[in-house]
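When reading the values below, keep in mind they use all heavy atoms of this one structure, side chains included, and skip hydrogens, waters and symmetry mates. Lettering of chains follows the sequences in order, A, B, ..., and the numbering in each one begins at 1.
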Amino acid sequence: MHPASHAPHSVEELLERARILAGYSLGELADMAGLHTPADLRRHKGWSGQLLETWLGAQAGSKPEQDFPELGVELKTLPIDSSGKPLETTYVCYAPLTGIAGLSWEQSNVKNKLSCVCWVPIEASRDIPPAQRRVANAFLWRPDKQQEQALRQDWEEIMEMIALGQVECITARHGEVMQLRPKAADGSALTQAVGKDGGWIQTRPRGFYLKKHFTQALLQQAFADI
DNA sequence: TGCTGATCATTG
DNA sequence: CAATGATCAGCA
């Protein structure tokens with residue numbers, strides 16, 4: 001068994017590839033791919049996701065697009081504990097802080113990214129070294145009406161606050177299923193945003209994240225029959 | 001102990 | 001710097 005040499009040609013092929021990985025440890029997958037497994041992820045936070053990208057044939061990069069543009073599918077690893085509950089929130093995408101007048105949910109990066117997601121849960125409790133963490137069953141998800149409505153509502157509320165110059169007032173407690181949090185290399189990273197009086201301010205870059213209870217519901221929905 | 005805010009590595 | 005992949009870690 002070896003990593004994919006090219007992107008999958010269909011959603012079915014992608015899901016097949018992902019399901020084959022279920023049961024393997026990250027150490028095994030790294031070995032087979034000829035990659036080094038770090039002892040911990042403190043300085044390798046994106047390692048799991050990049051390993052899975054390698055195995056499934058996604059192009060690494062930093063483009064604000066889906067991982068599989070031809071399929072319209074986004075790939076996301078999801079760390080879970082032994083009882084199958086998410087251990088972390090899930091990063092969605094960078095949040096635009098300028099030039100957002102007239103931007104609609106339909107045009108948003110969030111909607112695009114979440115329109116179809118291949119979720120790959122990984123048993124990743126902190127007491128398990130990365131090499132021993134195991135891949136669980138992948139599943140494909142498209143938001144249903146209610147899920148999309150919930151995402152849309154949070155997005156619209158948060159984006160309205162940003163547009164009104166209230167970005168500094170937004171905390172991770174805003175939003176029912178999705179939150180806005182800092183997203184940067186460190187506290188010195190600054191980007192432009194709209195300020196209170198309508199002028200420009202410098203602020204920390206932000207990203208959208210899915211709250212844990214939302215992704216937990218996706219897991220339950222996907223494995224309800226198991 | 002969970003969550004929020006902070007942080008790490010890499011690429012374009 | 002922007003954006004990707006995320007997890008870390010202090011504090012309530």
Visitor: Between the side chains of A:E13 and A:S10, is a donor N or O closer than 3.5 angstrom to an acceptor N or O?
Guide: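 No - no donor-acceptor pair under 3.5 Å links their side chains.
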Visitor: Relative to the 5' end of DNA chain B, which residue comes earlier, A:A185 or A:Q179, by the nucleotide with the nearest heavy atom?
Guide: A:Q179
Visitor: What is the distance from atom CD of A:Q192 to atom CD1 of A:I201, rounded to the nearest 0.5 Å?
Guide: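 Taking CD in A:Q192 and CD1 in A:I201, the distance rounds to 9.5 Å.
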Visitor: My understanding is that only one of A:R181, A:H213, A:M178 makes a side chain to side chain contact (heavy atoms under 4.5 Å, CB included) with A:T89; could you say which?
Guide: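 That would be A:R181.
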Visitor: Would you give a per-nucleotide map of nucleotides 4-9 of chain C, 5' to 3', where B means the base has a protein non-hydrogen atom under 4.0 Å away, S means only the sugar-phosphate does, and - means neither?
Guide: BBBBBB
Visitor: Quick test of your reading of the model: are A:K211 and A:E176 salt-bridged, counting only N-O distances below 4.0 Å?
Guide: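 A:E176 and A:K211: not salt-bridged.
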Visitor: Walk along DNA chain B from 5' to 3' and tell me the first and last nucleotide with an atom closer than 4.0 Å to a non-hydrogen atom of chain A.
Guide: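 Counting from the 5' end, contacts occupy B:dC3 to B:dG12.
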Visitor: Does the distance from a Lys or Arg side-chain N to an Asp or Glu carboxylate O, for A:R152 and A:E106, drop under 4.0 Å?
Guide: yes
Visitor: Measuring only between side-chain heavy atoms, which start at C-beta, is A:V194 closer than 4.5 Å to A:W200?
Guide: yes
Visitor: Using the six-membered ring wherever Trp is involved, compare the ring planes of A:W119 and A:F139 and label them parallel, tilted or perpendicular (cut-offs 30° and 60°).
Guide: parallel
Visitor: Scan A:L190 against the nucleic acid and name what it touches under 4.0 Å (heavy atoms): base, sugar-phosphate only, or nothing.
Guide: sugar-phosphate
Visitor: Map A:S188 and A:K211 onto DNA chain B by nearest heavy atom, then report which one ends up closer to the 5' terminus.
Guide: A:K211
Visitor: Minimum heavy-atom separation for A:P96 to A:L103, with atom names?
Guide: CG-CD2, 4.2 Å
